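Everything on this sheet refers to the single structure shown next.
Please read all numbers here as calculations on a predicted model, not as lab measurements. Numbering of ligands and ligand atoms starts at 1, following listing order.
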Amino acid sequence: MMNTPTILKKIVERKFQEIEERKALLSIEVLKDQIQANNDTPRGFIQAIESKLGQNSAAVIAEIKKASPSKGVIRENFNPQEIALSYKKGGAACLSVLTDVDYFQGSDAYLQDVRKTVDLPVIRKDFIVDDYQVFEARAIGADCILLIVACLEPERLSHLYNLAVELGMDVLVEVHDAAELQTALELPIRLVGINNRNLHTFEVSLDTTFDLLGTIPDDKIVVTESGIHTIDDIAAMRGHNVNAFLVGESLMRADDPGERLAEMFL
Ligand SMILES: O=C(O)c1ccccc1NCC(=O)[C@H](O)[C@H](O)COP(=O)(O)O
């Protein structure tokens, strides 16, 4: 019997097609020229997180996403610039903007607009598997990229990580299990994202973070990702000395996402 492809596999397969389509429209050389012409210095994503942690505050990476494969449309009234302003007011350390079009109804333009609107560092939240997307991320103004270990062979992970760093960006390396964590720890990373969502099955459990914590060296900053909905979830994480959070849905469903952030975290 044939194995049914998981959602992550489908997303990545589509991503490779999308990259070819984009390369046909705009070459990697043009992207490099755009980066030069923009003359933009990346904002310190890790630095913004460290600054919150240094004040004993939670560091929140507040996500801007309209829809997701597991939840469908999350927010009908979707104005990324208004949401960014609200998050800034609510005390976010950084922003995460979904740029994947097909599965998250995201857009590169959302990231560009958001970054012009607020001075917070922004991560490009996408499924990055090719150099082209790393150059593209910097060309549209990303300060950080996400690299998902489950999508990448270790050599490619390391190559993309180094390329992002050469371009001045920070990197959030995301894992979901012990084997992926070991792969991530081979790299000189500062941020390790633990996704509580299994991207193959959509199952979410905060135990994913608790179970992996014990093997993470003290010099890493752990970012717990997905499924953070309540003040109790946050207290449980902080009780385990996890103080950096990537939060999407629970903020996106609020009338005022930044107000909700402040209620949950402050
Ligand atoms: O959310 C999904 O359905 C999903 C499916 C496949 C790959 C990635 C997916 N989501 C990305 C994320 O993990 C979240 O956007 C992020 O961690 C925030 O999660 P949440 O606070 O639960 O919205």
Side-chain angles (χ1 to χ4, degrees), residues 4-16 18 45 49 58-75 78 80 83 87 90 92-107 110-111 114 122-129 133 144-152 171-177 180 184 191-209 212 221-234 236-237 242 244-254 257-258 260-261 263-265:
T4 315
T6 67
I7 186 70
L8 186 62
K9 196 155 182 279
K10 285 190 201 164
I11 293 173
V12 171
E13 276 173 13
R14 169 69 194 123
K15 205 45 76 178
F16 279 111
E18 181 192 301
F45 191 90
I49 291 174
V60 183
I61 304 166
E63 189 150 278
I64 299 181
K65 74 172 165 185
K66 181 173 170 64
S68 75
S70 59
K71 301 293 167 83
V73 173
I74 296 169
R75 189 178 180 89
F78 187 75
I83 297 166
Y87 278 155
C94 304
L95 302 180
S96 164
V97 179
L98 265 299
T99 55
D100 176 77
V101 179
D102 294 302
Y103 289 89
F104 291 84
Q105 298 188 33
S107 162
Y110 294 158
L111 191 149
V114 158
V122 182
I123 184 169
R124 181 188 196 188
K125 194 90 184 311
D126 210 312
F127 298 82
I128 293 188
V129 291
Q133 297 163 290
C144 184
I145 58 163
L146 177 74
L147 292 176
I148 304 173
V149 175
C151 296
L152 297 161
V171 182
L172 174 60
V173 178
E174 177 182 302
V175 304
H176 180 70
D177 63 26
E180 291 175 9
L191 290 183
V192 56
I194 301 180
N195 201 335
N196 299 308
R197 177 174 288 113
N198 179 323
L199 302 186
H200 300 286
T201 64
F202 292 155
E203 192 188 327
V204 178
S205 167
L206 301 192
D207 286 338
T208 312
T209 292
L212 292 178
I221 298 173
V222 173
V223 180
T224 188
E225 304 175 14
S226 304
I228 303 293
H229 291 286
T230 66
I231 289 174
D232 286 349
D233 294 339
I234 296 160
M237 287 295 165
V242 175
F245 298 81
L246 194 157
V247 188
E249 183 188 352
S250 53
L251 304 177
M252 280 289 88
R253 289 201 191 274
R260 178 73 187 131
L261 188 159
E263 282 163 11
M264 283 172 75
F265 285 93

Quick check: does any side chain N or O of R260 sit under 3.5 Å from a backbone N or O of R253, one acting as donor and the other as acceptor?
-> no
Considering only heavy atoms of S70, which atoms of ligand 1 have at least one such atom less than 4.0 Å away?
-> 1 (O), 2 (C), 3 (O)
Would you mind telling me which of L261, I234, I61 makes a side chain to side chain contact (heavy atoms under 4.5 Å, CB included) with F245?
-> I234
Protein contact to atom 7 (C) of ligand 1 [nearest heavy atom, distance to 0.1 Å] | L199 CD2, 3.5 Å
Sub-3.5 Å N/O-N/O distance, K71 and ligand 1 = no
Per-atom contacts, ligand 1 versus G248 - under 4.0 Å to a heavy atom | 18 (C), 20 (P), 21 (O), 23 (O)
Side chain, backbone, both or neither: the part of M252 lying under 4.0 Å from ligand 1 by heavy atom = neither
Atom 11 (C) of ligand 1 - nearest protein heavy atom and its distance = K125 NZ, 3.7 Å
Pull out every atom of ligand 1 sitting under 4.0 Å from any heavy atom of V247, numbered as shown with elements.
-> 21 (O)
What residue among I148, V149, N195, T208 forms side chain to side chain contact (heavy atoms under 4.5 Å, CB included) with V175?
-> V149
In ligand 1, which numbered atoms sit nearer than 4.0 Å to a non-hydrogen atom of S226?
-> 12 (C), 13 (O), 14 (C), 16 (C), 17 (O), 18 (C), 19 (O), 20 (P), 21 (O), 22 (O)
In V114, L98, L111, the residue satisfying side chain to side chain contact (heavy atoms under 4.5 Å, CB included) with I64 is V114
Indicate, as side chain, backbone, both or neither, the part of F245 found under 4.0 angstrom from ligand 1 when only non-hydrogen atoms are considered.
-> neither
Atom 15 (O) of ligand 1 sits nearest the protein heavy atom E63 OE2, 2.5 Å
Which residue holds the protein heavy atom closest to atom 13 (O) of ligand 1, what is that atom called, and what is the gap in Å?
-> N195 ND2, 2.9 Å
Looking at ligand 1, does any of its N/O atoms fall within less than 3.5 Å of an N/O of S250?
-> no
So is R197 polar-close to ligand 1, meaning N/O to N/O under 3.5 Å?
-> yes
Sub-4.0 Å atoms of ligand 1 with respect to non-hydrogen atoms of F202 | 3 (O), 5 (C)
Short side-chain donor-acceptor distance under 3.5 Å, T209 and N196 | yes
Distance-only N or O hit between ligand 1 and I11, under 3.5 Å = no
Ligand 1 atoms in contact with F127 (distance to a heavy atom under 4.0 Å) | 7 (C), 8 (C)
R14 and salt bridge (charged side-chain N to carboxylate O under 4.0 Å, His left out): which partner among D126, D100, D102?
-> D102
Ligand 1 to F104, heavy atom cutoff 4.0 Å, flagged ligand atoms 4 (C), 8 (C), 9 (C), 10 (N)
Would one find more than 12 heavy atoms of other residues, nucleotides or ligands at under 6.0 Å from atom CD of E263?
-> yes
Shortest non-hydrogen contact between G193 and L172, atoms and distance = N-CD1, 3.6 Å
Which ligand 1 atoms does E249 reach within 4.0 Å, using its non-hydrogen atoms?
-> 20 (P), 21 (O), 23 (O)
